[in-house]
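This report concerns only the one structure given below.
Residue numbers begin at 1 in each chain, while the letters A, B, ... track the order of the sequences. We use all heavy atoms of the structure for the numbers below, so side chains are in, but hydrogens, waters and symmetry mates are not.
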4 protein chains.
Amino acid sequence: MQQKKKKALPRKDRQKQYHRKQILNTALDLFSKYGYHNISMHKIAKEAEFSVGTLYNFFSDKEDLYRALITELALEFLDCMKKALGSPGDEAEKLHTYIVAKGRLFTNNIPMLRIYFSETRGSSFDAKAGLDKELRALYEKGLQQISLVFKSGMDKGLFKKLLEPYYMAIVLESITNTFLFLWLEDPQRHPYEKVEDVTRLFFENIRNHP
Amino acid sequence: MQQKKKKALPRKDRQKQYHRKQILNTALDLFSKYGYHNISMHKIAKEAEFSVGTLYNFFSDKEDLYRALITELALEFLDCMKKALGSPGDEAEKLHTYIVAKGRLFTNNIPMLRIYFSETRGSSFDAKAGLDKELRALYEKGLQQISLVFKSGMDKGLFKKLLEPYYMAIVLESITNTFLFLWLEDPQRHPYEKVEDVTRLFFENIRNHP
Amino acid sequence: MQQKKKKALPRKDRQKQYHRKQILNTALDLFSKYGYHNISMHKIAKEAEFSVGTLYNFFSDKEDLYRALITELALEFLDCMKKALGSPGDEAEKLHTYIVAKGRLFTNNIPMLRIYFSETRGSSFDAKAGLDKELRALYEKGLQQISLVFKSGMDKGLFKKLLEPYYMAIVLESITNTFLFLWLEDPQRHPYEKVEDVTRLFFENIRNHP
Amino acid sequence: MQQKKKKALPRKDRQKQYHRKQILNTALDLFSKYGYHNISMHKIAKEAEFSVGTLYNFFSDKEDLYRALITELALEFLDCMKKALGSPGDEAEKLHTYIVAKGRLFTNNIPMLRIYFSETRGSSFDAKAGLDKELRALYEKGLQQISLVFKSGMDKGLFKKLLEPYYMAIVLESITNTFLFLWLEDPQRHPYEKVEDVTRLFFENIRNHP
DNA sequence: GATGAATGAGTTTTCATTCAT
DNA sequence: GATGAATGAAAACTCATTCAT
């Protein structure tokens, strides 16, 4: 009996999760292409081959669906960052690994990148009831992790103490985002690898050379 | 008699322009606070103390109103840039003047800053019928002007030739925008002047020291 | 002094009448092309090169303008009919003259013809506040005049007494209108002169041959 | 089980069709009374006891609703004509059957009659996106059918060859429409049966008597 | 649990009409 | 008398959300 339950429920659950994922994927695709306001629940339902009612069984309203989508993307990004920053090597190597990983994550997932820009930049209106603050907190957490790497590098004497670690992190993020943005607009003209030229200069400049 | 005529017609015209400006100011305020999609024509009309009809006498539709607003702001920004980059002094001084002027322009006009972010960043959906391209072209023009200053500085041997001038411009913009963004989110914690620390490092690094 | 007045006022009056006529001509042109509901007062004003205010100095509202237009057209038609039916010759000749004159009037004035159809046919909605009844009364008056000619022709023994004169008039109108309609739709395929074939048959059939 | 399914699905469908029909009936009533431009979607919705949204679930826009209405009426009329002209008897009898059937159809359905007039007559503006041409084509098809009967009657020697069959059809239509119009305006004064007097004369005149 | 027909508040837009200059 | 800027009611249409089946 227990076995039955253990198997019975999970199967349904798995299917449910699968449907939920399908809806979120469709929503990511549509929102990233056309924007939150230009996509209706009916369009998502139709594209995902569900009925509107079903969407409302998974998410309490349109905003909730969006929030779920955004949150999952943010967590995926943070996870990628955590892995990269936890990679073996000294602080400069960790950061380099992160720059490459971030590039790979986003250039392989354009919809995610578009959403990333529309949410982290552009003073997000739409008061999606606190989504903002949630995301900002997550992003701040990410910045802190990068800051820690800079700090650790400074403490070890690897990096010069030119700026507070936090601003180091900010500048690094600012540069990588800019190159992602350029790449998104015109991948031919601005291959993401260009970022390496600039970050190399950046690291050369902050590094302590014996 | 002629004087009368000369004054009589402009008076109406001047008033009309004044009303137009009032509408645009109201729209700037509301759009920047709540976003294009969350502001209805009725709200703008009410706030500006005109009737909806009057809005439509000035602008053919909501998009046209928005476009007019954005275009005027963009031109104002470019004008500010042109003046700063044309100021006396060597290339490093010109760029410094620009950084300060940009900061002053935007920190004195928060609504303008919000619109600036929501349009230049955030992969703008809503294809406001080519507004995008128009703006991008204007922004590109601005970047070219900054690039020229870098180029001229390099030609004179003032700056090292570390990157193409265009990417120099991009990085400079990216840094100033980042600090404007930080300032907007928390002016106490991130006074715009912080930008000076980073740009000083930037210029020290690219400068040729005799 | 009196002379002055006599000349002074009439001049102004003449000009006023001229302007009024210009407005009505413009309105005829536009209404006949696009229909009452698709033409705004602003369009008429612009086309006639007056301001909206001026239109309202001549006509109390849009309906009044339309009514004035229609009424003048109706009177013009009745006048044409009266002249034709009063022409020399026997009853058959009078009616023939009328058929030709009606054709000439309308084929030379397509806008008038379109308005004629849109008002006499098509159960006129738009309750243009009794305009309907007015026009119907005028049209009925016209039908009576034609009826009288038929009656007179019957009394003289020229026409057989196959139908009441009123229905004779109705049938004659119905035939001429039909051919005008066909002509309007495709003047090449349906030249108005075709009406002669049918009316000849009609008259041969109702005529008393000695 | 199968029966259940067979009945289960159609039930919803049947209800949907029923609702659609209710909306169209209401629209017919209102449009025929007040005209297309004087009836708003809200009025139709209210009268039909649905919400506006429901109207838009059935029809993509106001024009589409109107087009659907008109097209159904036109097909109904053509069907009636086809049946009448296919009735047993010689050509004169077929045409007589048609005249009677047309009278019955329209005098039993005044709204349909009003719409019929407002669409077939009155140089229709509003270019309801080709509805015009569609209807004209349908009407032309009807005229062709009547023409064929006249032609067949002529070929058999039943009718004189006084006019091309097409114009015979036109004249017949013109007469029946005129009498329907008279009846609509004042049913007491002009009972539709009056049409018989005129058509009898018409047929006597075109018939070959041995 | 899934469905999709029904809802109606809210949005953009038009246009006849007024009235201060 | 002419002007045209301002008005605002009313129209067409959208879409997030509900709920009976």
Exercise for the section: Decide salt bridge (Lys or Arg N to Asp or Glu O under 4.0 Å) for B/E63 and B/R67; before the verdict, give the C-alpha distance in whole Å, the side-chain angles of both, and the deciding distance to 0.1 Å. Expected result: CA-CA 6 Å; B/E63 210 177 291; B/R67 184 196 313 281; 3.2 Å; yes

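- Considering only heavy atoms from C-beta on, A/L73 comes within 4.5 Å of A/L28 through its side chain.
- Heavy atoms of B/F58 sit under 4.0 angstrom from primed sugar atoms or phosphate atoms, though from no base atom.
- With both pairing distances under 3.5 Å, E/dT21 is matched to F/dA2 as a Watson-Crick or G-U wobble pair.
- Taking the ring centre of B/Y36 as origin, the terminal cationic atom of B/K62 falls inside the region bounded by 6.0 Å and 45° from the ring axis.
- Side chain of A/K46 to backbone of A/S51: no donor-acceptor contact under 3.5 angstrom is found.
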Distances under 3.5 Å between protein N/O atoms and the N/O atoms of nucleotides 12-15 of chain F, please, pair by pair.
| from | atom 1 | to | atom 2 | distance (Å) |
| --- | --- | --- | --- | --- |
| F/dA12 | OP1 | D/K62 | NZ | 2.8 |
| F/dA12 | OP2 | D/M41 | N | 2.9 |
| F/dC13 | OP2 | D/Y56 | OH | 3.1 |
| F/dC13 | OP2 | D/K62 | N | 3.0 |

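- Under 4.0 angstrom from either OP1 or OP2 of E/dT3 there lies at least one side-chain N or O belonging to A/S51.
- Heavy-atom minimum distance, B/A27 versus B/L69: C-CD2, 4.1 Å.
- Going from atom NZ of B/K46 over to atom C1' of E/dG10 covers 14 Å, rounded to whole Å.
- Nearest heavy-atom pair across A/A45 and A/V52 is CB-N, 3.7 Å.
- Atom NZ of D/K16 is separated from atom P of F/dT21 by 17 Å (rounded to the nearest Å).
- Rounded to whole Å, atom P of E/dA6 lies 12 Å from atom CZ of D/F59.
- Rounded to whole Å, the distance from CZ on B/F50 to P on E/dT13 is 19 Å.
- Between B/L55 atom CG and E/dT14 atom P the separation is 13 Å, expressed in whole Å.
- In this structure, C/D64 places its CG atom 14 Å from P of E/dA16, rounding to the nearest Å.
- Regarding D/K12, its NZ atom lies at a distance of 6 Å from the C1' atom of E/dG4, rounded to whole Å.
- A straight line from CD1 of D/I44 to C1' of F/dA11 spans 12 Å, rounded to a whole angstrom.
- One finds a salt bridge joining C/E72 and C/K21 here, because a Lys/Arg side-chain nitrogen approaches an Asp/Glu carboxylate oxygen to under 4.0 Å.
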